[in-house]
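The basis for the numbers below is simple: all heavy atoms, side chains too, and nothing from hydrogens, waters or symmetry mates. Atoms within each ligand, like the ligands themselves, are counted from 1 in listed order. Nothing here was measured: the structure is a model prediction, and the numbers come from that model.
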Amino acid sequence: MDLGIAGKRALVSASSKGLGLGCARALAEAGVHLVMNARGADALEAAAADIRTTYDVDVTTVAADVTTENGRAAVLEAAGQPDILITNAGGPPPGLWSDWERDDFIAALDANMLTPIALMKALLPGMIDRGWGRVVNITSQSVKAPIAILGLSNSARAGLTGYVAGTSRQVAPHGVTINNMLPGVHDTDRIEALDSATAQSTGLPIDQVRADRKATVPAGRYGTADEFGQMCAFLCSQHAGFIVGQNILLDGGATNATL
Ligand code: NAP
């Protein structure tokens, strides 16, 4: 399918690996020029070089922490006025409700709510002026069904979801859509680290830990960054202009809900 976005420009934050990289690759496959970002320069440069060679698009890299004011300023300066914005960053650490103090919430809100909001606030005016724009925020399945040990994530991402629900209706008249993608378990470095931690704490072999987790997913497997990226590219396509303020769950059926 021709997504109709060849030649457009996208900023994809936190995109040297995992789901962000899946989105960057799928957009590049559709002919979109990219600004990619991550904190670590080596993986970022390697990912960018591979995308340039494979898809023949322009890729600018910015090695910076997008959750800090300086990092965001650097990313936004490199991005200029992109047509497409994909927001992403690492998730907050797990814990217990009784562990978290105000500063823990402020850090989680900064990373997973206020950073995507700041990026949108900076880039939506240009999209509105040009009469076309696409924003996709990578959030989490935990927005629909809480993951108790991820209380910081549940809280911050719920705040972002509320913001998007209202704001997406305000910008839709200008040809700009904002939607969220809610990943369930996907086979990325983050999940590998979580599985390894579970194997260590339980003494179970890693293969057993992964098999047990897959058994909780009706699709019987983990999602891939590639298929996640293809949905992201579709939401950024010409065909998705009537999809506004939605929360798209990609979880292999793991969230047991009718709606
Ligand atoms: P991942 O495989 O660990 O990749 C994270 C990417 O983001 C890397 O490129 C990393 O590079 C970059 N990054 C992290 N923090 C950053 C920051 N502050 N500034 C700039 N770049 C940053 O993670 P993932 O699995 O793709 O997860 C992406 C998001 O989806 C996370 O918020 C995660 O909580 C959420 N999520 C994932 C799953 C899943 O199953 N994978 C499920 C639900 C929710 P550097 O480390 O070099 O910065």
Side-chain angles (χ1 to χ4, degrees), residues 11-26 34-48 50-51 61-76 78-79 86-94 107-116 118-119 136-147 149-158 160-161 180-198 210 213-214 216-217 219 221-229 231-232 247-252 254-255:
L11 166 58
V12 188
S13 68
S15 56
S16 67
K17 298 177 186 169
L19 304 179
L21 177 57
C23 294
R25 291 186 69 85
L34 301 173
V35 173
M36 294 174 65
N37 151 256
R39 292 164 302 182
D42 291 351
L44 179 62
E45 293 307 331
D50 183 49
I51 288 178
T61 54
V62 184
D65 184 340
V66 74
T67 67
T68 65
E69 209 170 321
N70 287 345
R72 263 193 311 280
V75 168
L76 285 168
I86 314 299
T87 77
N88 186 33
L109 292 172
D110 263 340
N112 298 109
M113 177 184 171
L114 299 176
T115 290
L119 293 174
V136 173
N137 302 294
I138 300 178
T139 68
S140 173
Q141 158 189 45
S142 69
V143 171
K144 289 241 186 215
I147 301 171
I149 57 160
L150 293 180
L152 292 173
S153 170
N154 298 339
S155 307
R157 295 188 200 277
L160 174 63
T161 305
N180 303 319
M181 290 179 69
L182 283 53
V185 183
H186 282 71
D187 210 352
T188 65
D189 283 6
R190 178 175 164 86
I191 287 301
E192 207 174 301
L194 288 173
D195 285 346
S196 298
T198 306
R210 288 172 70 86
R213 201 203 274 266
K214 284 176 188 171
T216 68
V217 181
R221 65 175 177 88
Y222 291 177
T224 70
D226 279 352
E227 61 195 347
F228 189 89
M231 173 55 93
C232 178
N247 291 282
I248 315 284
L249 188 59
L250 293 95
D251 72 344
T255 304

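- E227 and R221 are joined by a salt bridge, as a carboxylate oxygen and a charged side-chain nitrogen come within less than 4.0 angstrom of each other.
- With a heavy-atom cut-off of 4.0 Å, I191 touches ligand 1 through its side chain alone.
- Residue-ligand proximity: A43 is placed with every non-hydrogen atom at 4.0 Å or more from ligand 1.
- Side-chain N or O atoms of D65 include none that pairs as donor or acceptor with a backbone N or O of G71 at under 3.5 Å.
- With a 4.0 Å cut-off on non-hydrogen atoms, R157 touches ligand 1 through its side chain and not its backbone.
- In this structure, the side chains of N137 and P116 come closer than 4.5 Å at one or more pairs of heavy atoms.
- For the side chain to side chain contact (heavy atoms under 4.5 Å, CB included) with N154, the lone residue among S140, P146, P92 that qualifies is P146.
- Nearest non-hydrogen protein atom to atom 23 (O) of ligand 1 is R190 CB, 3.7 Å.
- Close contacts between ligand 1 and G91 involve ligand atoms 31 (C), 32 (O), 34 (O) [criterion: under 4.0 Å to a heavy atom].
- For atom 7 (O) of ligand 1, the nearest protein heavy atom (residue, atom name, distance) is A14 CB, 3.2 Å.
- For ligand 1, one of its N or O atoms has an N or O atom of H186 under 3.5 Å away.
- The main-chain N or O of S153 is never found under 3.5 Å from a side-chain atom of N112 such that the two would form a donor-acceptor pair.
- Scanning the protein heavy atoms around atom 18 (N) of ligand 1, the nearest turns out to be D65 OD1, 2.8 Å.
- A salt bridge links R210 to D187: one of the charged nitrogens lies within less than 4.0 Å of a carboxylate oxygen.
- Looking at G184 next to ligand 1, an N or O pair under 3.5 Å apart turns up.
- Under 4.0 Å from ligand 1, the heavy atoms of A89 that appear belong solely to its backbone.
- Here CG of L160 is found 5.5 Å from CG of N180. Values are rounded to the nearest 0.5 Å.
- Counting protein heavy atoms only, atom 41 (N) of ligand 1 is closest to T188 OG1, 3.2 Å.
- Closest to atom 46 (O) of ligand 1, if we only count protein heavy atoms, is R39 NH2, 2.9 Å.
- Applying the 4.0 Å criterion to heavy atoms of N37 picks out, from ligand 1, the atoms 20 (C), 21 (N).
- Nearest protein neighbour of atom 10 (C) of ligand 1, counting heavy atoms only, is S16 OG, 4.2 Å.
- Residues G184 and D251 share a closest heavy-atom pair of CA-CB, 3.8 Å.
- Proximity of A225 to ligand 1 is not established, as no heavy-atom distance is less than 4.0 Å.
- Backbone and side-chain nitrogen or oxygen atoms of I138 are examined, and none is located within less than 3.5 angstrom of a nitrogen or oxygen of ligand 1.
- Note that OG of S16 and CD of E45 are 10.0 Å apart. Values are rounded to the nearest 0.5 Å.
- The residue A111 has no part lying near ligand 1, judged by heavy-atom distances below 4.0 Å.
- Interface atoms of ligand 1 facing V185, defined by a heavy-atom separation under 4.0 Å, are 40 (O).
- Within ligand 1, counting atoms from 1 as listed, the ones closer than 4.0 Å to a heavy atom of D189 are 2 (O).
- Residue T115 comes nearest to R72 through the heavy atom pair OG1-NH1, 3.0 Å, listed as atom of the first residue, atom of the second, then distance.
- Atom-to-atom distance recorded for S13:OG and N37:CG is 6.0 Å, nearest 0.5 angstrom.
- Summarising the geometry, atom CG belonging to L34 is positioned 11.0 Å from atom OG1 belonging to T61; distances are rounded to the nearest 0.5 Å.
- Using a non-hydrogen distance threshold of 4.0 Å, T139 registers as a contact of ligand 1.
- A pairwise comparison of heavy atoms in A79 and V35 identifies CA-CG2, 3.8 Å as the closest pair.
- Closest to atom 47 (O) of ligand 1, if we only count protein heavy atoms, is G40 N, 2.9 Å.
- When N88, L19, L250, V143 are ranked by how near their heavy atoms come to atom 29 (C) of ligand 1, first place goes to N88.
- Taking any N or O of Q141, backbone or side chain, none lies under 3.5 Å from an N or O belonging to ligand 1.
- Near S140, with a cut-off below 4.0 Å to any heavy atom, the atoms of ligand 1 are 43 (C), 44 (C).
- The shortest heavy-atom distance from A64 to ligand 1 is under 4.0 Å.
- One distance of note links CE of M36 with CD1 of I86; it measures 12.0 Å at 0.5 Å rounding.
- Here the heavy atom of the protein found nearest to atom 19 (N) of ligand 1 is V66 N, 3.0 Å.
- Atom OG1 of T87 sits about 11.5 Å away from atom CE of M181, to the nearest 0.5 Å.
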